[in-house]
Amino acid sequence: MNSTREEMQTSQEELKSTNEELQSTNEELQSTNEELTTSKEELQSLNEELQTVNTELQSKLVDFEQANNDMKNLLNSTEIATLFLDKELNIRRFTDPVTKIFKLRAADTGRPFTDLVCDLKYPEMESNVLEVIKTLTPIQKEVETNDGRYYYVRIMPYRTLDDRIDGIVITFTDITAVKQAEESLKMENRYRRLFESAKDGILILNSETGMIMDVNPYLVEMLGYSHDQFIEKSIWEIGSLKDIVANKDKFLELQKKEFVRYENLPLETANGRKINVEFVSNVYLVNDKKVVQCIIRDISDRVEAQEALVFSETRYNHLFESVKDGILFLDPKTGIITALNPFLIDLLGLTKENFIGKEIWKIVFF
């Protein structure tokens with residue numbers, strides 16, 4: 001009995017100990033459960049924060065994509081070719097107009113800039129890019145392409161928002177139209193100087209209506225009309241010019257032939273002075289519109305000189321034919337007879353053909 005009682009006591013003590021351990025384990029489990037509950041709440045809170053951050057990131061990503069698209073469309077809409085390079089001069093990105101200058105494709109991103117085939121006559125571009133990286137001073141110049149286009153090239157350092165240099169930006173602005181306009185302006189200025197200083201009268205007419213569009217100072221002075229008396233009038237309204245193209249039939253002839261020339265025409269100036277002119281008129285294009293240019297040259301001095309020459313020749317011939325002395329002309333180098341007057345022919349009793357073209361020492365008489 002004692003042994004059984006001792007065993008029961010021992011069992012009770014063990015059960016008590018086990019119960020205490022179970023109570024302790026239960027408390028630990030309760031504590032663990034509380035910790036797990038707290039951790040779950042923290043995880044839920046963290047998950048909510050992550051969801052919030054993820055939403056913000058997605059929103060920023062959408063904004064970034066929108067900004068990127070806006071920037072790309074802005075750059076392309078300006079039609080300014082732009083090339084972005086990293087510090088190693090590899091292609092970072094480029095706008096569509098760049099492909100008109102460089103042989104570029106989307107797959108070329110990351111390739112060295114120096115590998116590009118370029119239409120620009122700009123062999124020092126690479127050295128200029130390196131210089132900008134070194135000095136951070138932009139370089140800009142006008143450059144021609146192989147097919148006659150012109151670009152304004154600007155090489156600048158690429159600066160980040162925190163003001164770090166992270167590569168190079170090269171812009172190419174097409175200034176072909178500007179260069180053409182400059183050349184046209186130069187040509188216009190050169191023409192204007194010639195027009196203003198020409199020593200011939202010049203009229204510019206509307207090829208369809210015959211209205212005078214411009215007149216140079218020399219013609220104003222030559223004919224004695226004011227500039228305003230010419231402008232915005234038909235050429236046949238100017239009294240001095242009525243005998244040239246004053247009638248519409250002659251103007252229609254000019255329109256059809258596009259070139260008319262009159263060698264010697266009489267004109268009368270505003271003060272009644274008579275002059276002789278040479279009139280040349282032709283049609284040509286100005287900005288795809290036909291205009292008529294009339295050049296009126298005063299040839300009065302030439303006509304007077306020709307008339308004086310004819311008068312002198314007439315007097316000389318009359319004297320040569322009628323003088324009662326024999327006259328003989330020889331070529332001073334060859335001694336060949338070039339002319340003789342009728343009196344000498346009658347005197348010698350020979351024909352003119354016996355003398356002309358013969359050397360004088362072969363003529364028996366001499």
Side-chain angles (χ1 to χ4, degrees), residues 144 147-150 176-310:
E144 186 181 5
D147 59 358
R149 292 172 291 150
Y150 285 87
T176 304
V178 175
K179 295 294 288 186
Q180 290 173 345
E182 288 177 356
E183 288 302 316
S184 297
L185 183 59
K186 288 178 183 177
M187 291 294 293
E188 174 64 24
N189 289 336
R190 283 197 290 267
Y191 171 80
R192 200 70 207 173
R193 286 196 294 271
L194 288 173
F195 183 80
E196 298 288 344
S197 62
K199 297 306 179 184
D200 291 315
I202 303 175
L203 281 175
I204 306 297
L205 313 177
N206 184 307
S207 68
E208 296 180 358
T209 64
M211 297 288 285
I212 298 172
M213 300 165 59
D214 206 353
V215 56
N216 74 331
Y218 190 85
L219 187 61
V220 170
E221 183 179 351
M222 180 197 299
L223 299 183
Y225 292 95
S226 70
H227 186 273
D228 292 339
Q229 286 176 302
F230 282 100
I231 299 300
E232 296 301 324
K233 292 182 175 63
S234 298
I235 189 170
W236 45 82
E237 293 181 48
I238 307 301
S240 297
L241 303 175
K242 284 185 178 179
D243 292 332
I244 301 179
V245 287
N247 63 73
K248 296 181 181 180
D249 291 337
K250 287 187 177 179
F251 187 73
L252 289 173
E253 179 186 357
L254 170 60
Q255 288 177 316
K256 183 178 179 180
K257 292 183 177 179
E258 296 194 345
F259 180 82
V260 172
R261 178 172 184 165
Y262 302 107
E263 295 285 345
N264 187 0
L265 291 172
L267 277 189
E268 183 176 321
T269 65
N271 60 9
R273 183 170 65 91
K274 306 291 183 181
I275 61 175
N276 294 86
V277 300
E278 178 184 55
F279 182 89
V280 179
S281 183
N282 64 291
V283 178
Y284 65 98
L285 288 174
V286 175
N287 296 327
D288 297 327
K289 292 184 179 179
K290 287 185 176 181
V291 299
V292 179
Q293 176 178 267
C294 304
I295 298 178
I296 304 172
R297 180 173 294 129
D298 187 349
I299 59 170
S300 299
D301 293 342
R302 187 200 308 171
V303 171
E304 290 176 5
Q306 288 174 343
E307 290 176 350
L309 179 60
V310 171

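Side-chain contact check for I275 versus L223: some heavy-atom pair is nearer than 4.5 Å. Counting heavy atoms from C-beta outward, V280 and F259 have side chains that approach closer than 4.5 Å. Residues E278 and R261 have side chains in contact (heavy-atom distance under 4.5 Å, counting atoms from C-beta outward).
Counting only residues at least two apart or on different chains, the salt bridge (Lys or Arg N to Asp or Glu O under 4.0 Å) pairs with a member in residues 213-229 are R192-D214. For residues 194-222, the set of pairs meeting the ring pair (Phe, Tyr, Trp, His ring centres under 6.0 Å) definition, not counting sequence neighbours, comprises Y191-F195.
The line from CG of L194 to CG of N189 is 11.0 Å long, rounded to the nearest 0.5 Å. Distance check, rounded to the nearest 0.5 Å: CZ of R297 to CD1 of I202 gives 9.5 Å. The CE atom of M213 sits 7.5 Å away from the CD1 atom of I204 when rounded to the nearest 0.5 Å. Remark: K289 NZ to N206 CG distance equals 9.0 Å, nearest 0.5 Å. Separation of atoms CD1 (I296) and OG (S281) is listed at 9.0 Å; rounding is to 0.5 Å.
Here the shortest heavy-atom pairing between L203 and F230 reads CD2-CD2, 4.0 Å. Taking every heavy atom of both residues into account, L205 and C294 meet most closely at CD1-SG, 3.7 Å. Shown here for G201 and M222, the closest heavy-atom pair between the two residues is N-CE, 4.0 Å. The nearest pair of heavy atoms linking V215 to H227 is CG1-CD2, 3.5 Å.
Within 6.0 Å of CD on E182 lie more than 12 heavy atoms contributed by other residues, nucleotides or ligands.
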